[in-house]
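Letters A, B, ... mirror the listed sequences (proteins, then strands); counts begin at 1.
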Amino acid sequence: MKLKHILTSQQFTVPVIMELFERTRFMKQIVARGGTSDYSNKILTNLFYKPSTRTRFSFESAIFRLGGKVLSTEQANEFSSEIKGEMLEDTIRITGNYCDAIVIRSHEEGGAKRAAEVSSVPIINAGDGSGGQHPTQALLDLYTIYDECKTLDGLSVAIIGALDQGRTARSLAYLLSKFDRIKIYFIAPDELQIKPDILAHLDEKGIAYELSNSTDKIINKVDVAYQTRIDNERIYDQKIDLNQYNIDAEVLKKMKQNSIIMHPLPRSVEISHEIDSDPRAAYFRQAENGLYVRMALLTMLFDK
Amino acid sequence: MKLKHILTSQQFTVPVIMELFERTRFMKQIVARGGTSDYSNKILTNLFYKPSTRTRFSFESAIFRLGGKVLSTEQANEFSSEIKGEMLEDTIRITGNYCDAIVIRSHEEGGAKRAAEVSSVPIINAGDGSGGQHPTQALLDLYTIYDECKTLDGLSVAIIGALDQGRTARSLAYLLSKFDRIKIYFIAPDELQIKPDILAHLDEKGIAYELSNSTDKIINKVDVAYQTRIDNERIYDQKIDLNQYNIDAEVLKKMKQNSIIMHPLPRSVEISHEIDSDPRAAYFRQAENGLYVRMALLTMLFDK
Amino acid sequence: MKLKHILTSQQFTVPVIMELFERTRFMKQIVARGGTSDYSNKILTNLFYKPSTRTRFSFESAIFRLGGKVLSTEQANEFSSEIKGEMLEDTIRITGNYCDAIVIRSHEEGGAKRAAEVSSVPIINAGDGSGGQHPTQALLDLYTIYDECKTLDGLSVAIIGALDQGRTARSLAYLLSKFDRIKIYFIAPDELQIKPDILAHLDEKGIAYELSNSTDKIINKVDVAYQTRIDNERIYDQKIDLNQYNIDAEVLKKMKQNSIIMHPLPRSVEISHEIDSDPRAAYFRQAENGLYVRMALLTMLFDK
């Protein structure tokens with residue numbers, strides 16, 4: 001299946017997701033064999049309006065393992081420095097001459113969509129605005145669950161953290177809703193709970209969910225604990241003990257033997273380093289999957 | 001024809017320009033076929049003393065499409081940060097060990113020439129000082145006229161903008177003077193007109209020209225309208241209506257059907273977005289040509 | 001011989017050094033032939049916590065001449081910008097997914113060692129902290145002496161500069177102590193002389209040395225004058241004439257015909273440009289050797 005652009009998590013149907021996961025597994029084999037040169041004539045541009053070394057490296061490694069090359073800037077606003085307000089559209093039209101696909105991390109919500117409207121090459125949204133989309137992260141999260149649990153149907157998933165502004169949490173909930181017999185636990189202080197629009201979407205899709213302000217009572221039930229950051233400046237002056245949302249050796253003891261712990265990284269105190277060597281700690285494998293998923297997505301953009 | 005360095009527009013004779021254009025056309029075919037690996041052992045260094053993502057990307061894409069690799073810095077002054085005043089000459093001698101050609105964007109007029117004097121590898125001047133040279137831009141401008149109009153002889157060319165400090169305007173006038181039966185219209189507010197040295201050069205070469213402070217009376221006569229920026233801070237407090245130099249749908253109506261509009265980009269208000277889809281709007285094709293011209297120039301430096 | 005990591009000068013035994021030098025000579029031939037594609041599936045990451053364009057270019061060119069690719073950041077602290085204090089260990093674990101070896105320039109002494117403890121790929125220390133190690137520089141210095149003098153045994157070496165904090169001076173003395181009948185002259189103002197720990201090490205190894213505060217009386221005896229920077233802010237208010245430590249045409253006259261002058265570069269006034277064309281001025285050849293030594297080291301990390 002050929003993709004034209006990668007703009008939102010929502011654009012991915014179950015069949016496309018399944019093809020992506022098939023290709024992702026194949027990419028893991030490719031990397032183990034030292035990569036391929038099949039895409040050696042492809043140039044990928046990273047057009048980042050704010051730095052994100054982690055995401056940049058992941059995309060650059062992906063195109064390198066496919067044999068291709070990379071143009072990168074983490075200061076794309078420099079494009080318009082000479083002239084106040086070069087339009088994003090002009091930048092995209094010009095950059096499209098130099099490459100075969102553009103990864104854009106925009107500071108404006110909807111930036112990637114605007115780029116796609118004028119671009120002569122595929123656009124990949126790598127984050128647009130704080131409330132926006134970052135679909136490749138959402139897809140690697142979903143792939144990791146699939147790869148670790150060998151299914152997406154029938155899983156119990158806890159999503160923990162400052163969920164009201166959590167882009168990855170929101171996208172994951174959205175993607176999970178495409179699968180069957182899912183149960184989602186949203187675990188956050190009441191002030192930081194997931195926004196009603198996501199719950200309305202889950203209701204519409206008939207997905208079971210539960211809200212809780214405590215990890216404690218839930219964690220023993222789940223197949224997946226998707227941890228995100230919670231050390232939230234907005235509530236520091238309140239009296240919530242954020243430590244109760246952390247995962248450490250004590251919390252781990254309560255978890256199922258075949259469950260997994262995920263985190264989009266970077267982590268702060270919310271996952272204790274003492275559990276890193278437990279086989280349930282899946283977050284470094286999750287980061288590694290980012291490479292394979294991005295390689296697979298690139299092939300779906302490049303292949304005829 | 002083998003080039004040693006690319007330092008000035010003036011160094012290009014008509015036969016060299018014609019070979020360059022021949023190669024440029026061939027490079028366009030190469031890119032359409034996905035590039036070549038003929039220069040896969042070549043490393044190009046971008047040694048930029050001030051950022052210019054647009055120019056950097058253009059050179060990086062050019063060497064990539066030829067199969068080669070790239071070393072880049074947009075903070076070349078960091079080379080001398082440890083030690084106050086490492087000489088440019090030392091930086092060039094050291095960098096020459098690491099690559100096969102150096103693109104230099106210097107902050108000092110004459111920087112590229114100084115670099116060439118000590119360099120063990122070819123030097124390409126990508127702008128030195130505000131009044132200096134940027135020959136690859138001038139050559140891609142000239143190529144675009146040639147490619148669009150199918151000739152350089154007998155053309156009427158309007159050059160519009162703040163021409164007194166316009167590096168691209170000056171270089172283009174200089175290069176056009178090498179061809180026959182050219183007529184150049186310099187259109188600018190009197191305060192910003194082209195400097196007398198260029199006019200003296202045109203007189204010497206017997207090239208017809210006219211100065212004007214109005215686009216209106218000229219635009220219907222020209223084959224090429226080369227627009228540059230005019231929103232010039234130096235005259236904001238004066239009473240000149242700079243809008244009369246802009247090109248919009250109204251101005252376009254007066255232009256010949258087979259004329260073209262060019263701009264070195266980035267543009268501000270001086271070209272209205274409403275005319276982008278008109279076939280006469282050649283500025284994005286011009287930017288694209290930058291890739292092919294730079295590829296062709298690199299082959300003329302690398303080939304024996 | 002396969003290397004696991006490159007962390008300190010001390011880890012290199014004489015047999016490993018000799019294999020390295022053998023490979024380095026071979027790499028020089030490889031580069032003269034335009035490089036190799038034998039390592040085209042290798043990705044090297046430059047993880048620099050502070051910029052060093054010179055060192056970055058040297059490593060990037062090395063992996064390019066071997067056929068490989070590069071991920072680079074000179075702002076690796078950006079990795080932990082979102083979250084205050086992402087541990088170096090997490091950054092290394094994640095980055096290891098994207099590449100085959102990591103060059104780290106850390107701001108913390110011991111940073112490279114900590115990285116090596118958790119890394120899934122080889123770590124190369126490119127400088128950790130001001131008093132720390134930079135073993136690839138030390139090895140290219142040693143190689144240059146070997147390549148120029150055709151031996152390391154029986155040499156007289158003057159090491160000149162602000163030696164108390166001179167990382168390269170200290171490492172070179174350390175490496176020279178592995179060879180026979182070496183005589184080292186440490187030439188520095190008394191206030192900036194080499195620290196006693198190095199002298200204790202030389203005593204233990206039975207290496208002859210002499211301390212002096214004057215270049216003048218020593219320079220005629222040496223095979224190698226290893227010059228470093230001396231324009232030391234710490235003593236500017238004192239009455240020492242630092243010029244007497246510089247090497248210029250007058251000093252050169254006193255030196256042996258087959259001696260050499262080295263400098264890790266960048267230089268300030270301590271080596272006069274007037275001697276650059278003298279065949280004894282070896283510092284640009286030394287910089288060139290940096291490429292070959294780093295290529296050779298990479299092959300020793302990558303080869304089975």
Taking every non-hydrogen atom, the tightest pair across B:Leu71 and C:Ser61: CD2-N, 3.9 Å

Gap separating the CZ atom of B:Arg93 from the CG atom of C:Asp276, nearest 0.5 angstrom: 5.0 Å

Top contributor to chain B interface from C:Glu288, C:Arg56, C:Arg65 [non-hydrogen pairs under 4.5 Å]: C:Arg65

Residue pair C:Thr53 / B:Gln75: nearest heavy atoms and the distance that separates them: OG1-O, 4.5 Å

Spacing of C:Phe57 atom CZ and B:Leu47 atom CG [to the nearest 0.5 Å]: 6.0 Å

Within 6.0 Å of CD in B:Glu117, more than 12 heavy atoms from elsewhere: yes

Backbone N/O of B:Thr95 and side chain of C:Arg54: donor-acceptor pair under 3.5 Å: no

B:Lys113, NZ: over 12 other non-hydrogen atoms inside 6.0 angstrom: no

Closest non-hydrogen atom pair between C:Phe284 and B:Asn97, with its separation: O-ND2, 3.9 Å

Side chains of B:Asn41 and C:Arg33 in contact at under 4.5 Å (non-hydrogen atoms): no

Side-chain donor/acceptor of B:Lys69 to backbone N/O of C:Gly67, under 3.5 Å: yes

Heavy atoms of other groups near B:Glu22 CD, more than 12 under 6.0 Å: no

Reported CG-to-CG distance for the pair B:Asp90 and C:Leu265, which is rounded to 0.5 angstrom: 6.5 Å

